[in-house]
Amino acid sequence: MTDAAPTHAIEEGKRRRARMKARHERAKRIRTLVTPEGAALHLKIANFGERFGAFILDFGIQFAMMIAIVLSIGFIATAFDYEGWQIAWAVAQVLIFFIRNFYFIFFEIGRKASTPGKRALGLRVADRYGGRLTANAVIARNFLRELEFFLPLSVLFSFGGDRVDAWINWILLLWCLIFALFPLFNKDKLRVGDLVAGTMVIHAPKVRLLKDVAAAQTATPPGAPIRFTPEQLDVYGIHELHVLEDVLRQSTPEIKTNVANRIALKIGYTPDPGITNVMFLEAYYAALRRHLEQRMLFGERKEDKFDRR
């Protein structure tokens with residue numbers, strides 16, 4: 001009995017230190033971004049292993065698509081003569097070029113900002129300053145991928161040659177490895193493309209929408225529903241709806257108060273007595289979501305508050 005008690009205490013101490021170490025590691029990967037709307041979002045950055053794993057998955061998908069194109073074009077070209085083969089091969093090269101250079105851009109420029117590989121690991125691309133991820137940023141970060149990965153790959157395949165060529169290859173390989181391994185040497189695990197574009201890769205927050213469009217209205221006092229005019233709902237768009245959802249889901253009461261005051265001032269609304277900030281935000285979220293969904297039924301998509309279409 002006397003030996004069991006110290007042993008149990010030692011084991012408990014080890015488990016406690018392991019939990020503290022795990023919490024410390026998680027805290028090191030948390031970044032706070034303040035959006036233009038004043039909402040502070042606590043986001044978890046992706047580590048090098050996660051980013052590399054996502055890239056390998058995406059590269060595998062790209063490679064499979066290229067092989068499928070070559071096989072399909074080859075099968076079709078068997079029905080043509082020599083000139084037909086040349087045309088088919090030219091078409092295949094064009095398609096492979098687009099897959100290699102625009103695969104990442106195509107997926108990351110969308111609303112989810114995530115390629116299939118990133119989505120499989122729960123990652124997405126985000127603006128490093130809390131703003132909206134722009135097309136220019138996505139294009140910039142992905143065009144630099146040629147310098148960071150495909151150029152080192154081509155250097156590896158061209159390795160060899162005489163004494164001078166070998167030295168040139170070693171120098172080029174060292175230079176390219178600096179870019180490829182750059183995420184290991186900064187705390188936010190940024191690529192050079194991320195530095196240029198002002199982006200970062202984070203764990204995509206778990207989306208938990210309100211139970212129903214009208215569910216938020218149940219939080220208001222009976223007989224006093226919060227109603228908004230179409231003009232007040234036209235102020236914001238889809239981007240702000242997502243930000244407001246994050247505010248309701250994970251922000252502090254102080255931030256919710258700040259955001260509620262900003263929205264009320266922006267849309268020119270004075271909440272009635274007895275309406276709390278959370279009630280106001282939930283009601284505006286539900287009304288804005290319904291309003292945007294109705295507009296989309298008629299083919300009108302308002303991306304953000306700057307979209308005047």
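All values below come from the heavy atoms of this structure, side chains included, with hydrogens, waters and symmetry mates left out.
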### Query
Applying salt bridge (charged side-chain N to carboxylate O under 4.0 Å, His left out), which residue pairs with at least one partner in residues 171-188 are found, sequence neighbours left out?
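Passing the test, one end in residues 171-188: Arg31-Asp188.
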#### Entry: Selection residues 61-79 - residue pairs positive for salt bridge (charged side-chain N to carboxylate O under 4.0 Å, His left out), sequence neighbours left out
none
Within the 4.5 Å heavy-atom criterion, are [X] and [Y] side-chain neighbours or not?
X	Y	value
Lys118	Val125	yes
Phe179	Leu144	no
Arg128	Leu195	yes
Tyr269	Ile226	yes

### Worked check of side chain to side chain contact (heavy atoms under 4.5 Å, CB included) between Val247 and Lys256
CA-CA 7 Å; Val247 170; Lys256 290 177 181 177; 4.0 Å; yes
Indicate the atoms forming the closest heavy-atom contact of [X] with [Y], along with that distance.
X	Y	answer
Gly237	Leu288	O-CD2, 4.3 Å
Gly53	Leu121	C-CD1, 3.9 Å
Ala126	Ile202	CB-CD1, 3.8 Å

Joint hydrophobic cluster, [X] plus [Y], side-chain heavy atoms closer than 4.5 Å:
X	Y	value
Phe55	Phe106	yes
Ile105	Phe59	no
Ile263	Leu241	yes
Met66	Val91	yes

Nearest 0.5 Å, please: how far is [atom2] in [Y] from [atom1] in [X]?
X	Y	atom1	atom2	answer
Ile99	Ile61	CD1	CD1	11.5 Å
Leu281	Leu248	CG	CG	5.5 Å
Ile267	Asp234	CD1	CG	11.5 Å
Leu123	Arg51	CG	CZ	8.5 Å
Phe48	Arg191	CZ	CZ	11.5 Å
Leu184	Ile178	CG	CD1	13.0 Å

Pairing residues for [X] by the side-chain contact (heavy atoms from CB on, under 4.5 Å) criterion, not counting sequence neighbours:
X	result
Ala92	Ile69, Ile73, Trp89
Ile56	Phe52
Phe107	Tyr103, Thr115, Pro116, Arg119
Glu146	Arg100, Asn101, Phe150

May I have the list of side-chain donor-acceptor pairs in residues 133-141 shorter than 3.5 Å, sequence neighbours left out?
{"unit_1": "Thr134", "atom_1": "OG1", "unit_2": "Ala137", "atom_2": "N", "d": "3.3"}
{"unit_1": "Arg141", "atom_1": "NE", "unit_2": "Asp194", "atom_2": "OD1", "d": "3.1"}
{"unit_1": "Arg141", "atom_1": "NE", "unit_2": "Thr199", "atom_2": "OG1", "d": "3.1"}
{"unit_1": "Arg141", "atom_1": "NH1", "unit_2": "Glu108", "atom_2": "OE1", "d": "2.9"}
{"unit_1": "Arg141", "atom_1": "NH1", "unit_2": "Glu108", "atom_2": "OE2", "d": "3.2"}
{"unit_1": "Arg141", "atom_1": "NH2", "unit_2": "Asp194", "atom_2": "OD1", "d": "2.8"}

### Query
Other than Ile67, what residues sit in its cluster of Ile, Leu, Val, Met, Phe, Trp and Tyr side chains whose heavy atoms are under 4.5 Å apart, directly or through others?
Phe63, Leu71
### Task
Kindly write out the residues that satisfy side chain to side chain donor-acceptor pair (under 3.5 Å) with Glu50, not counting sequence neighbours, or none if the list is empty.
Arg29, His203
### Message
Thr257: which residues meet the side chain to side chain donor-acceptor pair (under 3.5 Å) condition with it, sequence neighbours left out?
### Response
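Thr257: side chain to side chain donor-acceptor pair (under 3.5 Å) contacts with Asn277.
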### Task
Take Ile238 and Leu292, measure what side chain to side chain contact (heavy atoms under 4.5 Å, CB included) needs, and give me the verdict at the end.
CA-CA 7 Å; Ile238 297 173; Leu292 293 173; 4.2 Å; yes
### Message
Could you go through Lys189 and Val201, starting from their C-alpha distance and side-chain angles, then the distance that decides it, and tell me whether this counts as side chain to side chain contact (heavy atoms under 4.5 Å, CB included)?
### Response
CA-CA 8 Å; Lys189 310 304 177 187; Val201 177; over 6 Å; no
### Query
When you look at Lys266 and Gln232, which way does the side chain to side chain contact (heavy atoms under 4.5 Å, CB included) test go after all the steps?
CA-CA 9 Å; Lys266 184 75 173 179; Gln232 291 172 327; over 6 Å; no
### Query
Between Phe102 and Phe98, does the ring centre distance come in under 6.0 Å?
yes
### Query
Out of Tyr284, Tyr236, Tyr285, which residue meets the ring-ring contact (aromatic ring centres under 6.0 Å, His included) rule with Phe228?
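So the option named by the test is Tyr284.
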#### Entry: Residues in ring pair (Phe, Tyr, Trp, His ring centres under 6.0 Å) contact with Phe143, at least two apart in sequence or another chain
none
### Message
Looking at Phe104, I'd like to know if the NZ or CZ of Arg145 sits under 6.0 Å from its six-membered ring centre while staying within 45 degrees of the ring's axis.
### Response
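Because its charged atom sits under 6.0 Å from the ring centre and within 45° of the axis, Arg145 does stack over Phe104.
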